[in-house]
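What follows is a short report on a single structure.
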Amino acid sequence: PNPNSELKRSPLHATRRRRCTHVISYLFLPRRLPALMDSGECSNSNPSASSPAAAGVWAKLVPADSAYPEVAVAEGDAVVCSLVAPAAGGEELAWCEIRRGGDASSATIRNLSSDAIIVDGRVIQQELVDIKPGSKIVPGPREEGHLVYTFDITAAKDHDKNNVKILLDIENAKCSICLNLWHDVVTVAPCFHNFCNGCFSEWLRRSSSKSRDKSQSAACPQCRTPVQSVGRNHFLHNIEEAILQAFSSLQRSDDEIALLESYASVKSNLVLGKQKNQSRKRPLPPASDESNDEFPCPQCGTEFAGFRCSPRAAHIQCNGCGGLMPARPNTSIQKCLGCDGSFCGAYWYSQGVNSSHCNLICNQETFRMISQHHISRLPDTLHGGNPYEKDITERCIQKSGKTLQAVISEWIAKFDNKELDRSRLQLNNVEAITSRTYLCNHCYNKFVDFLLYWFRVSTPRNLLPADAADRDSCWYGFMCRTQHHRQDHAKKLNHVCRPTRGNP
């Protein structure tokens, strides 16, 4: 089968249309894709032993004395068991562990023996050490009486051929119910939206308990389309694991995972609702418009905070949960000024409505005033997703002796005083935004990115970390595209600056 056609049918295809800020490397064998999607096995499981690359061998230790065999390092077995000393009578010992590093040309080695080993002239006890092709390794405390190996990566080219780099915005890998990275992801049909198994199972349970027609399909929490079937998506589950390996900060706590798994009820493909015989004739319109009866606005039937909807009151739909709320133009807590999207969390909180009145209500934390937002860690999208610049900014904040929240509050005050050039702020209505403006979480992260850009730009060179103080600035500045796919370029040059290419 054509691998490109399979990829286009994936739910992730839609993410390719947007500006993507993260690169997730995912091992992908095109000829086996249909089987992987059905069985849910990882792409490198059960490899054929017909070739070293297929067997998972990605590196080798080459002895200086050609009379001894080379030692293969396999993907699934990082422990190296080989001849250590010729005088030992040919006995092979498990003396070290070698694993892949952060890129295709690096690795790490850990000493497992009871004695020291030598790596590139350094005596190593039990610590983890970086190695690269050409590194000289002695499986003992001295060269005399021990074999000398040279480390080499053999499968780099084969790995690149079988490796597809999917450009993925992390925001597109989040469940729209809990707003976190998927956990045990399930996909609903026919709209192909993705959710946590536990989140969707609980949504399904609540929808079924409130629906008067038990044969009617539940609606997709994201787009309101009637769900015909739902099943676990093993392909996206592998991508979910790859994201967690790259961004460990997105990992949930054990208590959260246990709670989600207690809710999860989708174990295999489920067909929801009764499938009626399809007719070629166009269905007749309903006698009355009852499309919103299943998910009514809480204020349509009950008065809250002195307000009740009139019979023909206009309503708007929340971009977060899909629920309805009355359109009240005089209030500023229904619309995000940064993206012009509608969000209901702040409005229902102000009206005294909570989830006990209606389950289609966003959490208040999803839509807040800028001054009420609290941030404890740097967004993954900071500085265009450049991990080196993010690390430098984090160290600058630590060096200042202030918390991240204190730094953000300080720069919000500068923003309110119009001390900052707002042309780089990637939001709508930038001139109207103040600290009292309501923003959704996505827009707030963009706002934080903007503030921390100015924090970095205004930091004197002598206050930067030593490894960042002497870097030249990239000609293309924050607009550089090379920084996203060349780690050496991203690390060597400063990208927290304006583009200067072509300027005098």
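Not measured: the values here are computed from a predicted model.
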For this session: Please lay out, stage by stage, how E419 and W411 fare under the test side-chain contact (heavy atoms from CB on, under 4.5 Å).
Result: CA-CA 9 Å; E419 299 177 26; W411 283 88; over 6 Å; no
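- Between F367 and C318, every side-chain heavy-atom pair lies at or beyond the 4.5 Å cut-off.
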For this session: List the steps and the verdict of side-chain contact (heavy atoms from CB on, under 4.5 Å) for N494 and R456.
Result: CA-CA 11 Å; N494 171 42; R456 271 287 303 277; 3.4 Å; yes
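- Side-chain N or O atoms of R422 include one that pairs as donor or acceptor with a backbone N or O of V430 at under 3.5 Å.
- With T302 contributing its side chain and Q299 its backbone, the two residues share no donor-acceptor pair below 3.5 Å.
- With contacts defined as side-chain heavy-atom distances shorter than 4.5 Å, the pair F415/W454 does not qualify.
- The two residues I392 and P465 make their nearest non-hydrogen contact at CG2-CD, 4.0 Å.
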For this session: Before giving the answer on salt bridge (charged side-chain N to carboxylate O under 4.0 Å, His left out), spell out for R377 and E394 the whole-Å C-alpha distance, their side-chain angles and the decisive distance to 0.1 Å.
Result: CA-CA 9 Å; R377 65 180 182 87; E394 189 166 22; over 6 Å; no
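- A 4.5 Å side-chain heavy-atom check between M369 and I333 finds every atom pair outside the cut-off.
- A distance of 10.0 Å separates OG in S265 from CZ in R205, rounded to the nearest 0.5 Å.
- S435 and S371 form no side-chain donor-acceptor contact under 3.5 Å, judged by distance and modelled atom types alone.
- The closest donor-acceptor contact from the side chain of N363 to the backbone of E365 lies under 3.5 Å.
- How far SG of C196 is from CD of E202: 12.5 Å, rounded to the nearest 0.5 Å.
- Between F200 and F195, the ring-plane angle classifies as parallel under the 30° and 60° cut-offs.
- Note that CD1 of I316 is 11.0 Å distant from CZ of R328, once rounded to the nearest 0.5 Å.
- Using a 4.5 Å heavy-atom threshold, the side chains of Q251 and I257 count as touching.
- For the residue pair T187/N194, the side-chain donor-acceptor check at 3.5 Å is satisfied.
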Exercise. How far apart are the C-alpha atoms of R424 and F450, what are their side-chain angles, what is the distance that settles it, and do they pass the side-chain contact (heavy atoms from CB on, under 4.5 Å) test?
Worked result: CA-CA 7 Å; R424 242 203 105 235; F450 168 80; 4.3 Å; yes
For this session: Assess whether side-chain contact (heavy atoms from CB on, under 4.5 Å) is satisfied between D416 and R436, documenting all intermediate values.
Result: CA-CA 10 Å; D416 274 350; R436 299 186 62 80; over 6 Å; no
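- The minimum heavy-atom distance between G198 and Y263, with the atom names listed, is O-CB, 3.5 Å.
- More than 12 heavy atoms of other shown residues, nucleotides or ligands fall within 6.0 angstrom of atom NZ in K174.
- Panel note: side chain Q483, backbone C480; a donor-acceptor pair is recorded below 3.5 Å.
- Atom CG of D470 sits in a sparse spot, with 12 or fewer heavy atoms from other residues, nucleotides or ligands closer than 6.0 Å.
- Between V353 and M325, every side-chain heavy-atom pair lies at or beyond the 4.5 Å cut-off.
- Here the closest non-hydrogen pair linking A327 and P329 is O-CD, 3.5 Å.
- Annotation for D254: atom CG does not count as buried by contact number, only 12 or fewer foreign heavy atoms lying within 6.0 Å.
- To the nearest 0.5 Å, atom CG of residue L244 and atom CH2 of residue W182 are 11.0 Å apart.
- No more than 12 heavy atoms of other residues, nucleotides or ligands lie within 6.0 Å of NZ in K492, so this atom counts as exposed by the packing criterion.
- S400 contributes a side-chain N or O that, together with a main-chain N or O of I397, makes up a donor-acceptor pair within less than 3.5 Å.
- Using a 4.5 Å heavy-atom threshold, the side chains of N197 and R232 count as touching.
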For this session: Begin with the C-alpha distance, continue with both residues' side-chain angles, and end with the deciding distance and a verdict on ring pair (Phe, Tyr, Trp, His ring centres under 6.0 Å) for Y438 and F343.
Result: CA-CA 10 Å; Y438 280 80; F343 296 89; over 10 Å; no
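- For the pair H315 (side chain) and A313 (backbone), a donor-acceptor distance under 3.5 Å is present.
- D380 has a carboxylate O that lies under 4.0 Å from a charged side-chain N of K390, or vice versa, which qualifies the two as a salt bridge.
- When only modelled atom types and interatomic distance are considered, T393 and H383 share a side-chain donor-acceptor pair under 3.5 Å.
- Here the NZ-SG distance, from K402 to C396, works out to 12.5 Å after rounding to the nearest 0.5 Å.
- Smallest separation of non-hydrogen atoms from H489 and H495: NE2-NE2, 3.2 Å.
- The backbone N or O of S253 sits less than 3.5 Å from a side-chain atom of E256, completing a donor-acceptor pair.
- At least one donor-acceptor pair closer than 3.5 Å links the side chain of H373 to the backbone N or O of L439.
- A donor-acceptor contact shorter than 3.5 Å links the side chain of N429 to the backbone of L337.
- Of the possible polar contacts, none joining the Q334 side chain to the Y347 backbone as a donor-acceptor pair under 3.5 Å is found.
- Of the inter-residue distances, the one linking R368 atom CZ with C440 atom SG reads 13.5 Å to the nearest 0.5 angstrom.
- C199 places a side-chain heavy atom less than 4.5 Å from the side chain of L260.
- Summarising the geometry of P326 relative to W348, their closest heavy-atom pair is CD-CH2, 3.9 Å, with the distance given to 0.1 Å.
- Side-chain contact between D421 and R498: present, with at least one pair of heavy atoms (C-beta onward) separated by less than 4.5 Å.
- The minimum heavy-atom distance linking D449 with G384 is given by the pair OD2-N, 4.2 Å.
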